[in-house]
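Chain letters run A, B, ... following the sequence lines, proteins first, then strands; residues in each count from 1.
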Protein chains: 2
Amino acid sequence: MLNQQPGLDRMFHALADPARRAMVERLSSGPASASDLARPLPMSLPAALQHLQVLEGAGLVRSEKVGRVRNFSIEAGALSLAEQWIHARRTEWERRLDRLGAYLETLIREGEHDAPDK
Amino acid sequence: MLNQQPGLDRMFHALADPARRAMVERLSSGPASASDLARPLPMSLPAALQHLQVLEGAGLVRSEKVGRVRNFSIEAGALSLAEQWIHARRTEWERRLDRLGAYLETLIREGEHDAPDK
DNA sequence: CTGTTGGTTAAGCATTTGCTTAACTATAGC
DNA sequence: GCTATAGTTAAGCAAATGCTTAACCAACAG
């Protein structure tokens, strides 16, 4: 089995790093150049560029070079895959807990009028 | 800056591996023992245990030992952190795109009755 | 008590990450 | 054309990952 989804792999891996998340947060409020994104981070520019490559490889971010500066922007809707996966898990286990709750309730009801005393 | 959140780090990192996601998927539909979880995976039991440790370290999963078997179950609501982060990003950039759209629209409207011809 | 099952611990190893520095290319401004 | 700026490429390195096998411990079953 093992739901093979390289998309989710790369997506979650990309989001697992605080520097990369910071970049995504920054880009959520508008496009920015490579050095704009690198400046606030405590690392060299090549390092920041590597992070951006990871984000782009995960499809979270798009980049376009204009003149000598490379501008990055959010790939709108890219996170929906991750969002869907998480949401699926949540609903799945919530429904399970609901069923469990209902079951326990029937046990209690039955106990109310047909209980063997402890 | 760099929104330091080890919780998100570990959470996303835990979800970045297909074997670990498979385990979470399996646990979403009910508790299971260590070997139950390891069996479908193409790896040794110690390897699977290491994955489970990662999941537990990320707070996604809880385990309790009864007799000689260790039972794992989903930590309900653990994913909400990740869900919140993703949702925040989505709404942020959607609002931005809305504003951008509105701005472009005003440009068009202005153009309609006050256009310098091309 | 003895064997089998379920799990744990430890050591070792190949690969991947996340950074660095240094050298280089390409554009923009004067 | 010179020079400063923005980015790219490459080499190198320490640490973290993801596995393996082997040895071990604990509990239940006969």
Side-chain angles (χ1 to χ4, degrees), chain A residues 1-24 26-27 30-73, chain B residues 1-24 26-27 30-73:
Chain A
M1 203 197 151
L2 241 186
N3 210 349
Q4 201 65 324
Q5 243 148 330
L8 279 180
D9 279 31
R10 278 185 257 172
M11 179 100 62
F12 281 127
H13 172 248
L15 296 177
D17 186 282
R20 290 195 285 262
R21 278 201 309 281
M23 286 168 161
V24 170
R26 167 68 185 77
L27 288 175
S33 76
S35 25
D36 283 347
L37 290 164
R39 199 168 307 114
L41 299 179
M43 64 183 69
S44 68
L45 194 137
L49 266 276
Q50 282 173 10
H51 282 299
L52 286 167
Q53 245 179 303
V54 171
L55 287 172
E56 196 160 16
L60 287 165
V61 138
R62 197 162 12 98
S63 86
E64 190 193 2
K65 196 156 180 181
V66 36
R68 66 179 161 174
V69 4
R70 180 172 291 277
N71 282 317
F72 291 84
S73 51
Chain B
M1 202 196 147
L2 242 186
N3 209 348
Q4 200 66 321
Q5 243 148 333
L8 280 180
D9 280 30
R10 280 186 255 172
M11 179 101 64
F12 282 128
H13 171 248
L15 295 177
D17 185 283
R20 289 196 284 262
R21 277 201 310 279
M23 286 167 161
V24 171
R26 166 72 184 75
L27 288 175
S33 76
S35 25
D36 282 347
L37 291 165
R39 199 168 307 114
L41 299 180
M43 65 183 68
S44 69
L45 194 135
L49 266 278
Q50 281 173 10
H51 282 300
L52 285 168
Q53 245 179 303
V54 171
L55 286 172
E56 197 161 16
L60 287 165
V61 138
R62 197 163 10 99
S63 86
E64 189 192 4
K65 196 157 181 181
V66 38
R68 67 178 161 175
V69 5
R70 178 172 292 277
N71 283 316
F72 291 84
S73 51

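Scanning for salt bridge (charged side-chain N to carboxylate O under 4.0 Å, His left out) contacts around B/Arg68 gives an empty result, with sequence neighbours left out. Remark: A/Arg70 pairs with A/Ser63 by the side-chain hydrogen bond (donor to acceptor under 3.5 Å, both in side chains) rule, at least two apart or across chains. Not counting sequence neighbours, the partners of B/His13 by the side-chain contact (heavy atoms from CB on, under 4.5 Å) test are A/Ala16, B/Arg20, B/Val54. For A/Ser35, the side-chain contact (heavy atoms from CB on, under 4.5 Å) partners at least two apart in sequence or on another chain are A/Ser33, A/Arg39, A/Leu45. When the side-chain contact (heavy atoms from CB on, under 4.5 Å) test is applied to B/Ala47, the partners found at least two apart in sequence or on another chain are B/Met43, B/Ser44. Partners of A/Gln53 by side-chain hydrogen bond (donor to acceptor under 3.5 Å, both in side chains), not counting sequence neighbours: none found.
Every pair passing salt bridge (charged side-chain N to carboxylate O under 4.0 Å, His left out) that includes a residue from residues 41-66 of chain A is listed here, sequence neighbours excluded: A/Arg62-A/Glu75.
To the nearest angstrom, P of D/dG7 lies 14 Å from CD of A/Gln53. Remark: C1' of C/dT5 and CG of B/Asp36 are 13 Å apart, rounded to the nearest angstrom. Regarding A/Met23, its CE atom lies at a distance of 12 Å from the P atom of C/dG18, rounded to whole Å. Here the P atom of nucleotide D/dG18 and the CG atom of B/Leu49 are 15 Å apart, to the nearest Å. For the pair B/Arg39 CZ and C/dT5 C1', the computed distance is 12 Å after rounding to whole Å. Here C/dT8 presents its C1' atom at 13 Å from CG of B/Leu52, a figure rounded to the nearest Å. With rounding to whole Å, B/Asp17 atom CG is found 15 Å from C/dT17 atom C1'. Distance, B/His13 NE2 to D/dT17 C1': 7 Å, rounded to whole Å.
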- Query: Which letter, B, S or -, goes with each nucleotide of nucleotides 20-30 of chain C from 5' to 3', with contact meaning a protein heavy atom under 4.0 Å?
  - Reply: BBB----BS--
- Are B/Phe12 and A/Met11 close enough, and set up right, to give a side chain to side chain contact (heavy atoms under 4.5 Å, CB included), and what steps lead you there? CA-CA 9 Å; B/Phe12 282 128; A/Met11 179 100 62; over 6 Å; no
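Between the CG atom in A/Leu60 and the CZ atom in A/Phe72 there is a gap of 12.5 Å [rounded to 0.5 Å].
Phosphate contact (OP1/OP2 of C/dT5, side-chain N/O of B/Ser35, threshold under 4.0 Å): absent.
In this structure, the helix from C/dC1-D/dG30 to C/dC30-D/dG1 shows an angle of 20° between the axis at its start and the axis at its end, each fitted on 5 base pairs and rounded to 10°.
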